[in-house]
Amino acid sequence: MEKVRLGIIGTGPRARILSRTYAKQPQLEIVAVCDQFEQNVQYMQKDLKEESGYGDIPGYTSYEALLKGTPVDALFIAIDPQDQVDMACDAMERGIHVMTEVPCAYTIEQCQKLVDTVERTGVKYQLAEQTRYWSFIRIWREMARAGKLGDILQMEGEYMHYEANWDYFVDRKNGELFYGSAVAPQGRDTRPTWRYRSFKHPIFYLPHTLSPLLSIVDDRVDKVSCFGSRMGSYQTPGLEVRDLETALMHTFRGTILKVSAGFTTPHGGRSGTWAHWYNVIGTKGSVEWNRSTLDKPKQYTLQDGWSEQDWTTEEQQADEFIKSSGHGGADYYPIDSFVRAILDDTTPPMGVYRAVETAAPAIMAAKSCERGGELMEVPNFRNK
Ligand SMILES: NC(=O)c1ccc[n+]([C@@H]2O[C@H](COP(=O)([O-])OP(=O)(O)OC[C@H]3O[C@@H](n4cnc5c(N)ncnc54)[C@H](O)[C@@H]3O)[C@@H](O)[C@H]2O)c1
């Protein structure tokens with residue numbers, strides 16, 4: 001195989017942005033696109049033609065029709081995250097490699113199904129989590145491996161992503177998204193979007209926090225306790241979500257994690273990572289991303305005290321098209337490493353165990369929140 005023939009399922013806003021980046025991966029060819037709504041299929045077909053120099057690509061309105069109509073080696077699935085696991089597992093049972101979008105699962109059963117299917121079929125599975133590829137996260141990982149941070153005692157992360165106009169409702173017949181309103185538009189046959197459903201527990205959206213942090217300590221979460229703000233947004237009356245949830249976690253080797261997520265309460269962005277913030281405290285030093293647009297990333301050592309750092313999200317030596325890919329130049333790397341894993345027959349860097357290790361702690365955190373912060377055990381999926 002010289003090129004991976006990729007089908008894209010779910011041509012919503014996320015996949016539309018990514019398809020332009022994916023089209024630039026030299027060992028990949030997008031051979032078909034699919035969405036349950038014809039207008040979304042046409043949008044991506046047109047976009048690939050006009051922006052990426054593609055010809056007429058077959059488009060389908062069902063997953064089964066795509067598999068019947070166009071041979072593919074791999075699928076990128078970017079549908080409602082709660083629905084991804086069943087489709088991904090069905091495709092893997094047919095010998096097709098799969099990359100899904102974050103979060104990879106919303107229940108422990110889904111995590112287990114994903115793991116069992118990858119183990120049984122032996123095909124490549126990867127989660128398209130990109131923040132672990134930020135340059136400063138690689139630098140922190142290398143510092144940790146080299147012992148420069150000592151024993152890592154605590155790591156913190158925040159994902160505070162406020163938008164005044166999130167899409168809360170979708171038209172059941174044509175997929176049109178309705179932005180900003182906490183109440184369903186009158187006279188339209190709509191249902192709440194996956195965002196509205198998942199924002200009830202914002203802590204579900206932890207992959208962009210846990211994936212980079214756990215990569216630094218090469219560890220997994222084994223215990224979690226979580227509290228949330230009241231059900232019912234303060235900022236947007238009528239919106240039945242929690243504005244913020246905060247979880248305290250413990251890893252197998254003994255690091256403590258403090259992580260927060262919220263999508264519906266205003267919060268100032270940070271240079272480079274915008275909604276995301278991280279810090280790591282070790283026995284020999286600590287590193288910290290900038291808290292706002294007013295400060296810089298920082299490092300502390302006992303010898304030198306605090307110093308400002310010029311760390312960035314983009315890898316400085318990367319090609320310009322990679323640097324300009326979404327999320328501070330990180331969006332290119334998941335597809336690139338997925339394609340390489342298929343062609344070289346290696347394990348993708350964000351394979352199934354690491355993927356579920358970013359989902360299961362969040363799932364147990366949401367359970368803990370509903371039980372008033374009760375301490376919960378997180379299953380170990382590598383147990384067998
Ligand atoms: N990595 C990131 O930074 C990031 C950012 C945004 C979204 N996401 C993830 O990407 C995914 C998509 O996000 P989005 O904002 O585009 O969502 P969306 O709901 O707007 O789009 C999903 C698309 O999938 C289609 N779809 C749903 N079920 C389908 C099915 N069974 N068959 C065919 N098509 C189907 C819908 O019609 C829609 O067009 C989600 O899983 C989300 O969590 C990741």
Side-chain angles (χ1 to χ4, degrees), residues 7-22 32-45 47 59-67 69 75-91 98-106 110 126-134 159 161 163 165-179 190-199 201-202 204-212 261 263 273-276 313 325-335 338 350 355 358-359 362:
I8 297 180
I9 316 250
T11 61
R14 179 64 183 147
R16 287 176 204 166
I17 293 170
L18 288 176
S19 64
R20 293 184 183 184
T21 298
Y22 289 10
V33 297
C34 164
D35 194 284
Q36 60 192 344
F37 298 114
E38 181 66 37
Q39 66 184 29
N40 292 351
V41 174
Q42 288 173 3
Y43 187 101
M44 190 177 280
Q45 284 173 312
D47 193 73
Y60 301 91
T61 51
S62 83
Y63 157 81
E64 289 79 13
L66 184 150
L67 294 190
L75 287 177
F76 171 54
I77 300 176
I79 65 173
D80 302 34
Q82 290 94 338
D83 298 339
Q84 289 180 159
V85 171
D86 284 346
M87 190 183 284
C89 291
D90 184 85
V98 174
M99 184 163 77
T100 62
E101 258 297 352
V102 299
C104 72
Y106 275 84
Q110 284 186 335
Q126 166 143 295
L127 181 68
E129 198 295 303
Q130 72 275 34
T131 61
R132 68 193 285 111
Y133 292 101
W134 276 333
Y159 185 18
H161 188 168
E163 299 280 347
N165 289 314
W166 284 119
D167 49 324
Y168 290 124
F169 294 94
V170 57
D171 188 301
R172 288 176 200 271
K173 294 202 181 70
N174 64 13
E176 186 186 347
L177 294 167
F178 296 93
Y179 293 87
T190 61
R191 64 169 172 80
T193 59
W194 63 265
R195 272 189 216 284
Y196 195 167
R197 299 194 315 267
S198 18
F199 288 178
H201 277 300
F204 272 139
Y205 218 91
L206 273 193
H208 299 314
T209 310
L210 289 181
S211 165
F263 300 93
T273 55
W274 200 243
H276 303 274
T313 57
S325 72
H327 291 93
D331 272 355
Y332 178 73
Y333 293 101
I335 190 66
F338 180 53
M350 195 61 194
T358 66

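These values consider heavy atoms only, across backbone and side chains, with no hydrogens, waters or symmetry-generated copies. Order of listing sets the numbers, starting from 1, for every ligand and every atom in it.
Atom CZ of F76 sits about 5.0 Å away from atom CE of M99, to the nearest 0.5 Å. A distance of 6.5 Å separates CD1 of I335 from CZ of F338, quoted to the nearest 0.5 Å.
With ligand atoms numbered from 1 in the order given, ligand 1 contributes 3 (O) to contacts under 4.0 Å with heavy atoms of H327. Every atom of ligand 1 with a heavy atom of Q84 under 4.0 Å away is listed here by number and element: 41 (O). For ligand 1, the atoms closer than 4.0 angstrom to any heavy atom of F37 are 37 (O). Numbered from 1 in the order shown, with element, the atoms of ligand 1 that lie under 4.0 Å from a heavy atom of P81 read 40 (C), 41 (O), 43 (O).
For Y196, the ring pair (Phe, Tyr, Trp, His ring centres under 6.0 Å) partners at least two apart in sequence or on another chain are Y168, F169. For the salt bridge (charged side-chain N to carboxylate O under 4.0 Å, His left out) test, no residue two or more places apart in sequence or in another chain qualifies with D83.
D80 counts as a contact of ligand 1, since one of its heavy atoms falls under 4.0 Å from the ligand. Heavy-atom separations between D83 and ligand 1 are all 4.0 Å or longer. Remark: distances from the non-hydrogen atoms of R16 to ligand 1 are all 4.0 Å or more.
For atom 30 (C) of ligand 1, the closest non-hydrogen atom on the protein side is M87 CE, 3.9 Å. The protein atom (non-hydrogen) at minimum distance from atom 22 (C) of ligand 1 is A78 O, 3.6 Å. Scanning the protein for heavy atoms near atom 9 (C) of ligand 1, the closest one is V102 O, 3.4 Å. Remark: minimum distance from atom 21 (O) of ligand 1 to any protein heavy atom is reached at G12 CA, 3.5 Å. Of all protein heavy atoms, the one closest to atom 16 (O) of ligand 1 is R14 N, 2.9 Å. Among all non-hydrogen protein atoms, the one lying nearest atom 8 (N) of ligand 1 is Y205 OH, 3.5 Å. At the top of the distance list for atom 34 (N) of ligand 1, counting protein heavy atoms only, stands Q36 N, 3.1 Å.
Geometrically, ligand 1 and P13 share a nitrogen or oxygen pair separated by less than 3.5 Å. For I79, a nitrogen or oxygen atom sits less than 3.5 Å from a nitrogen or oxygen atom of ligand 1, counting backbone and side chain alike. Residue D35 has at least one N or O atom closer than 3.5 Å to an N or O atom of ligand 1. Between R195 and ligand 1, at least one pair of N/O atoms sits closer than 3.5 Å. For a threshold of 3.5 Å applied to N or O pairs, the pair formed by G10 and ligand 1 contains no separation below that value.
Between Y159 and H161, the shortest heavy-atom contact is OH-ND1, 2.9 Å.
Between the side chains of Y60 and D35, not a single donor N or O lies within less than 3.5 Å of an accepting N or O.
Side-chain contact between E129 and P212 is present, with at least one heavy-atom pair separated by less than 4.5 Å. Between Y106 and P81, some side-chain heavy-atom pair lies under the 4.5 Å cut-off. Under the 4.5 Å side-chain criterion, counting only non-hydrogen atoms from C-beta, S19 is in contact with I8.
With distances taken over non-hydrogen atoms, the option nearest atom 44 (C) of ligand 1 out of E101, Q130, H208 is E101.
Contact check on R195 versus D167 returns a salt bridge, with a Lys/Arg side-chain nitrogen under 4.0 Å from an Asp/Glu carboxylate oxygen. Using a 4.0 Å cut-off between a side-chain N of Lys or Arg and a carboxylate O of Asp or Glu, R14 and D331 qualify as a salt bridge.
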| task | Using the ring pair (Phe, Tyr, Trp, His ring centres under 6.0 Å) rule, take W134 and H208 through it: C-alpha gap first, then chi angles, then the decisive distance, then the call. | result | CA-CA 11 Å; W134 276 333; H208 299 314; 8.1 Å; no
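Below 30°, between 30° and 60°, or above 60°: for F263 and F199 the angle between ring planes is below 30°, a parallel geometry.
Contacts with ligand 1 closer than 4.0 Å are made by side-chain heavy atoms of W194 only, the backbone lying farther away.
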